[in-house]
Amino acid sequence: MSSSDSDDEMPLSSRVVSVKTEKNGVVPSRYADDSDSDSDDGVPLAKLKGRVYAAKPSMADSDSGSESDQPLSTNIKAARAVKMPKKEATASAAASNGNAAKAGTKRPKKEPASAQKDAKKPKVSAKDKAAGATKAKNGAKSKIAVKSESNVTATSQDDNGDSDSEEYKWWLEDKNDDGPKWSTLEHFGVMFPPEYVPHGIPMAYKGKPFKMHPAVEEVATFFAALVDTEHGNNPVFQQNFFMDFRALCNKHMGNHPIEEFKNCNFDKIRAHLDVQSAKRKAMTKEEKEVAKKERISIDEMYGFCTLDGRREKVGNFRIEPPGLFRGRGAHPKTGRLKKRVLPEQVTINIGKGAKVPDPPAGHKWGNITHDNTVTWLAMWKENINGSTKYVYLAAGSSLKGQSDMRKYEKARSLVKCIDKIRSEYTKELKSEVMAVRQRATAMYLIDRFALRAGNEKGDDEADTVGCCSLRCEHIDLEPPNIVKFDFLGKDSIRYERTTEVDKQVWKNLRLFQKEPKTPSDMLFDRLTTASLNKHLQTLMPGLTAKVFRTYNASYVFDQQLVDTPAEGTEAEKILAYNRANRMVAVLCNHQRAVSKGFEGQMSKIEDKLLAVRYQRMLLKNHLLEIAPTLKKKRPDLGKKEPGITSSWIKKHLIANCEVDREKATKKFERDNEKLKEAREPVMPKSKLKEILAEIDEREKSIKKGTYVAEPPIAKNALTEKILEKIDKLTERIANIEVNKIEKDENKSTALSTSKINYIDPRISIAWCKKHNVPLEKIFTKTLREKFTWAMDVDKEYRF
DNA sequence: CATCTAACTTAGGATAAGAGCA
DNA sequence: TGCTCTTATCCTAAGTTAGATG
């Protein structure tokens with residue numbers, strides 16, 4: 001214990017360094033039972049643990065720490081009407097079996113390629129192979145010859161017309177979690193980006209042309225492409241770029257004049273790039289055709305591998321091309337040169353007997369391995385951060401699918417023990433052991449607010465945090481129980497939220513912030529992601545911090561969908577679906593940049609809406625004039641149209657004049673065009689003038705206020721007809737309004753991330769079946785491919 | 001242990017492709 | 001029917017996790 005004790009003695013200085021030495025493992029358990037007094041609040045804590053955290057006597061409320069009623073996942077039991085369909089039941093049983101089995105098992109030691117027999121022969125039909133490939137894993141599961149052509153929807157013919165309905169349905173197998181990932185693996189390696197082709201265009205230095213060595217020119221060109229973008233304007237980016245650029249000049253060009261970034265001008269090169277992209281855009285149909293063919297044949301080759309005899313899609317088979325590193329947020333290395341990767345730096349991982357792909361002419365592979373405990377096909381080290389890049393199978397592959405399914409099954413198993421876990425950490429919120437109290441508090445935040453684990457980061461990375469790495473400065477406390485979070489999370493996305501928390505949590509946070517801590521000190525100084533995850537393991541096998549995000553996302557989504565209007569139109573149902581989706585996205589703080597032009601688009605919609613309302617208003621007035629008695633039957637007819645003011649009407653009508661003038665002119669020209677073609681006499685210009693004059697007249701009277709707008713319907717239309725039209729407009733208005741609301745709510749929220757990574761696809765698919773919504777309204781083609789394993793789900797599936 | 005590293009998942013922006021529309 | 005705006009896909013950065021390492 002001595003070590004932890006002395007840690008405690010250490011004054012918390014403001015320096016990050018000191019904080020670092022500060023965190024440390026578990027406090028000896030003897031603290032736990034001694035001082036049983038358990039007089040909640042921090043008091044005894046401070047006493048026990050040295051005085052890092054000055055005791056705060058004032059913190060003496062009663063609390064019952066049980067105000068855990070954040071709306072999130074209110075009551076698990078109630079909603080759990082689970083009616084597990086047979087298939088699901090087996091699947092989940094299988095999964096949990098796997099878990100149980102694993103719990104007692106040792107991790108597989110690295111031990112490449114166990115069963116490496118029949119490599120070769122990629123030409124065997126998937127069917128024959130599937131049977132063989134499954135072997136190792138027998139398992140009680142039979143190979144039910146399930147026809148999965150679920151009636152999910154009148155799906156477009158299964159993409160690619162690949163009518164091979166004997167796809168391998170791995171999800172019906174009892175696949176083991178650990179153990180080798182494959183037994184045979186063949187692939188074509190990676191594709192390298194094309195060599196750089198010099199353009200010979202100089203940059204300007206101090207106004208003078210500076211012709212460059214190709215290697216230098218290449219990098220100058222990288223920058224030229226970013227001039228006047230967010231990156232190009234970022235001083236850190238500029239500096240980092242320039243440092244590497246200059247080094248390159250030194251290396252390749254004897255004595256060059258390049259001294260300062262501000263004297264560089266890349267406009268010429270930029271202009272050249274613009275021309276290039278214009279050319280690309282202007283490609284003829286044939287050229288595009290050719291390019292496409294090219295791409296497809298490359299895909300055909302590198303895009304697939306053979307894994308256990310089955311053909312599977314490869315994901316990122318292209319080696320990342322050189323360029324300037326585009327770090328996100330305030331990344332210290334942003335702008336640095338990301339170098340070209342040579343075959344000599346690439347390791348190929350492939351089945352033992354399989355043919356090793358040929359490296360590019362004149363080159364050799366860096367290394368060849370046959371490690372079947374991993375899923376990557378190739379790997380290389382990147383020069384900016386020294387991290388490893390891997391080539392993996394595509395998202396729709398069996399390997400990825402299996403682990404995806406496992407992920408959701410794990411999250412689902414949390415459903416069963418979340419109550420227990422919550423009540424336990426709620427209790428521990430009052431633990432007198434600081435490390436435990438911090439851990440419990442962190443768990444609360446992770447569970448309630450979907451925070452990420454939050455590993456510590458280095459000085460050479462952007463300063464972003466997650467739960468465990470929160471600093472005091474990232475939260476503000478307001479009595480009695482309000483917390484304001486404000487920090488940069490993953491990808492430097494701001495997490496900003498003001499919320500109520502459990503009273504005890506609030507007190508704990510206050511305690512953790514107390515002097516002598518300064519704003520830049522760690523909030524949870526006795527907690528790390530490792531210690532947290534270690535503890536989570538004891539609560540449920542396989543449980544880690546990120547599981548809470550998956551669990552809560554899927555759970556909330558499932559709950560929200562219950563409100564789908566069963567009798568609604570398809571559009572209404574989809575709206576409900578997207579609402580639920582959005583709720584999850586907000587929970588997980590998935591954001592996106594507001595597109596430029598958003599404001600403009602919004603006001604356009606607003607205008608359109610008003611215009612339609614105006615039409616409806618005219619019709620209503622007209623109708624009531626000719627049939628005043630209707631007012632009783634249809635009270636809505638007497639209602640005012642919101643937003644339609646007389647000044648708006650005026651503006652609108654005048655704008656219409658302009659539009660009409662343009663229309664008339666165009667029509668006139670077009671008609672004459674036609675007449676000409678038909679060799680008939682064209683209309684004289686005066687004819688157009690007449691029409692325009694009429695419009696001018698109208699405009700004048702509008703301005704004078706004497707203009708009377710005509711209702712947009714035939715003069716002597718029947719009342720039914722008018723009513724019909726009104727109702728139509730009403731529907732249109734409703735549509736536009738919904739549209740508008742959605743657009744606004746979506747402007748900075750990204751729905752896709754949660755759909756792809758957090759929401760159990762079976763919930764969505766079941767929903768489609770239940771509500772008769774075609775799956776393609778919800779899932780794109782790639783998403784449907786990614787989630788094939790979930791397609792057979794029963795329509796009553798609950799997460 | 002406390003780091004470090006390998007391997008894998010998650011993430012938003014960039015770009016290509018489609019859909020909607022004057 | 002070419003353009004604009006939207007959506008889907010691609011790209012690769014940035015996380016998490018757990019085993020290896022000294």
Side-chain angles (χ1 to χ4, degrees), chain A residues 3-4 20-21 23-26 106-110 181 225-226 229-231 277 280-281 288 291-292 295 315-316 318-321 323 325-329 331 333-334 338 347 349 371 373-376 379 381-382 384-390 392-395 399-400 403-404 407 452-458 461-462 464-469 489-493 528-534 536-537 542-547 549-550 553 588-593 595-598 600-601 604 659 662-663 666 743 746 748 750-754 756-758 779-783 785:
Chain A
S3 82
S4 68
K20 283 211 162 131
T21 62
K23 73 156 132 288
N24 115 50
V26 198
K106 279 262 100 64
R107 275 259 136 198
K109 277 294 72 81
K110 280 267 148 104
K181 302 286 206 283
L226 296 175
T229 64
E230 199 138 334
H231 286 302
S277 79
R280 217 170 323 120
K281 244 208 255 157
K288 278 184 187 162
K292 191 170 181 186
R295 258 202 330 262
N316 54 328
R318 265 172 245 267
I319 293 280
E320 294 174 16
F325 174 67
R326 286 136 117 119
R328 311 209 177 137
H331 198 298
K333 294 186 177 179
T334 193
K338 194 168 99 169
T347 297
N349 189 37
D371 185 352
T373 67
V374 296
T375 65
W376 53 268
M379 162 228 138
K381 269 252 165 65
E382 148 269 341
I384 302 287
N385 298 296
S387 66
T388 315
K389 303 280 193 161
Y390 299 90
Y392 293 112
L393 295 197
L399 275 182
K400 292 282 194 187
S403 83
D404 207 32
K407 172 182 75 182
R452 297 189 182 83
N455 286 299
E456 282 203 66
K457 299 188 66 188
E461 303 173 274
T464 63
V465 300
C467 186
C468 295
S469 49
K490 180 178 179 179
D491 292 309
S492 293
I493 296 295
T528 65
T529 54
S531 67
L532 174 63
N533 279 334
K534 223 174 106 207
L536 294 178
Q537 289 292 343
L543 184 61
T544 65
K546 79 197 263 288
V547 178
R549 260 168 92 83
T550 313
C588 295
N589 202 37
H590 290 143
Q591 300 188 7
R592 60 173 190 168
S595 76
K596 53 181 166 351
F598 173 83
Q601 289 158 18
K604 237 184 226 166
V659 171
E662 260 169 47
K663 264 193 207 159
K666 273 206 182 128
K743 191 174 176 73
N746 266 343
S748 63
L751 302 192
S752 55
T753 306
S754 49
I756 296 170
N757 298 301
Y758 286 103
F779 285 166
T780 64
K781 177 160 102 57
T782 32
L783 232 37
E785 267 164 34

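Labels below follow one simple rule: chain letters A, B, ... track the order of the sequence lines, proteins then strands, and each chain is numbered from 1.
Contact between the side-chain N/O atoms of A:Thr529 and the OP1/OP2 oxygens of C:dT16 is not found at any separation under 4.0 Å. Dashed line: the shortest gap from a side-chain N or O of A:Thr375 to OP1 or OP2 of B:dC8 is under 4.0 Å. Contact between the side-chain N/O atoms of A:Thr544 and the OP1/OP2 oxygens of C:dT16 is not found at any separation under 4.0 Å. Contact annotation: A:Lys490 side-chain N/O to B:dT9 OP1/OP2 distance is not under 4.0 Å. At the phosphate of C:dG15, neither OP1 nor OP2 sits under 4.0 Å from any side-chain N or O atom of A:Arg328. Phosphate contact (OP1/OP2 of C:dA14, side-chain N/O of A:Lys457, threshold under 4.0 Å): absent. The shortest distance between the side-chain N/O atoms of A:Tyr392 and the OP1/OP2 oxygens of B:dT9 is not below 4.0 Å. Put simply, A:His331 has no side-chain N or O that comes within less than 4.0 Å of OP1 or OP2 on C:dA13. The phosphate of C:dG15 has OP1 or OP2 within less than 4.0 Å of a side-chain N or O from A:Thr464. Not one side-chain nitrogen or oxygen of A:Gln591 sits closer than 4.0 Å to the OP1 or OP2 atom of B:dG13. Considering only side-chain N and O atoms, A:Lys743 lies under 4.0 angstrom from the phosphate OP1 or OP2 of C:dT6. A:Gln601 has a side-chain polar atom (N or O) that falls below the 4.0 Å cut-off from OP1 or OP2 of C:dT6. For C:dA13, the OP1/OP2 oxygens have a side-chain nitrogen or oxygen of A:Lys389 closer than 4.0 Å. Between A:Lys407 and the phosphate of B:dT10, there is a side-chain N or O to OP1/OP2 separation shorter than 4.0 Å.
Considering only the side chain of A:Lys381, B:dA6 comes nearest among B:dC8, C:dT17, B:dA6. Checking C:dA8, C:dT17, C:dA13 against every side-chain atom of A:Thr780, the shortest atom distance belongs to C:dA8. Among the nucleotides B:dA7, C:dT17, C:dA13, the one closest to any side-chain atom of A:Asn533 is C:dT17. In the set C:dT6, B:dT9, B:dA11, B:dA11 carries the atom at the smallest distance from any side-chain atom of A:Thr753. For A:Lys400, counting side-chain heavy atoms from C-beta on, the closest listed nucleotide (C:dT6, B:dT9, C:dT12) is B:dT9. Listed candidates were B:dG13, C:dT17, B:dT9. Nearest to the side chain of A:Ala453 is C:dT17. Closest approach to the A:Phe325 side chain among C:dT6, C:dT12, C:dA13 is made by C:dA13 (side chain taken as heavy atoms from C-beta onward). Listed nucleotides: B:dA11, C:dT12, B:dA6. Nearest to the side chain of A:Tyr390: B:dA6. Considering only the side chain of A:Ala593, B:dG13 comes nearest among B:dG13, B:dA7, C:dT12. Side-chain proximity of A:Asp491 to B:dG12, C:dT9, C:dT16: nearest is B:dG12.
Mapping A:Thr782 and A:Ala462 onto DNA chain C by nearest heavy atom places A:Thr782 closer to the 5' end of the strand. Nearer the 5' end of DNA chain B, as judged by each residue's closest nucleotide, is the contact made by A:Ile756, out of A:His231 and A:Ile756. Ranked by how close their nearest DNA chain C nucleotide is to the 5' end, A:Asn455 and A:Glu320 are led by A:Glu320. Between A:Trp376 and A:Arg452, it is A:Trp376 whose nearest contact on DNA chain B lies nearer the 5' terminus.
The ring-ring contact (aromatic ring centres under 6.0 Å, His included) check on A:Tyr390 picks up A:Trp376, A:Tyr392, with sequence neighbours excluded. With sequence neighbours excluded, the residues forming a side chain to side chain contact (heavy atoms under 4.5 Å, CB included) with A:Ala553 are A:Val584, A:Cys588, A:Tyr758, listed by chain and number. Under the side chain to side chain contact (heavy atoms under 4.5 Å, CB included) criterion, A:Ser277 pairs with A:Arg280, sequence neighbours left out. With sequence neighbours excluded, the residues forming a salt bridge (charged side-chain N to carboxylate O under 4.0 Å, His left out) with A:Lys407 are A:Asp404, listed by chain and number. Residues that satisfy the side chain to side chain contact (heavy atoms under 4.5 Å, CB included) test with A:Lys546, not counting sequence neighbours, are A:Thr544.
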Legend entry - Derivation of the side-chain hydrogen bond (donor to acceptor under 3.5 Å, both in side chains) call for A:Thr373 and A:Lys181: CA-CA 5 Å; A:Thr373 67; A:Lys181 302 286 206 283; over 6 Å; no

**Study point:** Full working for side-chain contact (heavy atoms from CB on, under 4.5 Å) between A:Thr375 and A:Leu393
**Key:** CA-CA 8 Å; A:Thr375 65; A:Leu393 295 197; over 6 Å; no

With B for base contact, S for sugar-phosphate-only contact and - for none (protein heavy atoms under 4.0 Å), nucleotides 15-22 of chain B reads --S-----

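Residue A:Asn757 contributes atom CG, which lies 17 Å from atom P of C:dA14 at whole-angstrom precision. What separates CG of A:Asn385 from P of C:dA13 is a distance of 8 Å, to the nearest Å. The distance from atom CD1 of A:Ile493 to atom P of C:dA13 is 16 Å, rounded to the nearest whole Å. In this structure, the CG atom of A:Leu226 is 13 Å from the C1' atom of B:dG13, given to the nearest Å. Rounded to whole Å, atom C1' of C:dG15 lies 10 Å from atom CZ of A:Arg549. Taking atom CG of A:Asp404 as the reference point, atom P of B:dT10 lies 7 Å away to the nearest angstrom. A:Phe779 places its CZ atom 13 Å from the P atom of C:dT9, with the value rounded to the nearest Å. Between the CG atom of A:Asn316 and the C1' atom of C:dC11 there is a distance of 9 Å, given to the nearest Å.
A donor-acceptor contact closer than 3.5 angstrom links the side chains of A:Thr464 and A:Lys457. A:Gln591 and A:Ser748 form no side-chain donor-acceptor contact under 3.5 Å, judged by distance and modelled atom types alone.
At a threshold of 4.0 angstrom between heavy atoms, the contacts of A:Ser403 are confined to the sugar-phosphate backbone, with no base atom among them. Within 4.0 Å (heavy atoms only), A:Leu783 reaches no atom of the nucleic acid at all. When heavy atoms are screened at a 4.0 angstrom cut-off, A:Lys596 is found touching no nucleic acid atom at all. Among the atoms of the strands shown, only primed sugar atoms or phosphate atoms (P, OP1, OP2) are found under 4.0 Å from some heavy atom of A:Gln537. Nucleic acid contact for A:Gly327: sugar-phosphate only, since backbone atoms but no base atoms lie under 4.0 Å from a heavy atom of the residue.
Looking at every heavy atom in both residues, A:Arg328 comes nearest to A:Ser492 through O-OG, 3.9 Å.
Residue side chain A:Lys546 does not reach the base of B:dT10 through any donor-acceptor N/O pair under 3.5 Å, judged by distance alone.
Atom NZ of A:Lys389 is separated from atom CG of A:Asn316 by 9.0 Å, given to the nearest 0.5 angstrom.
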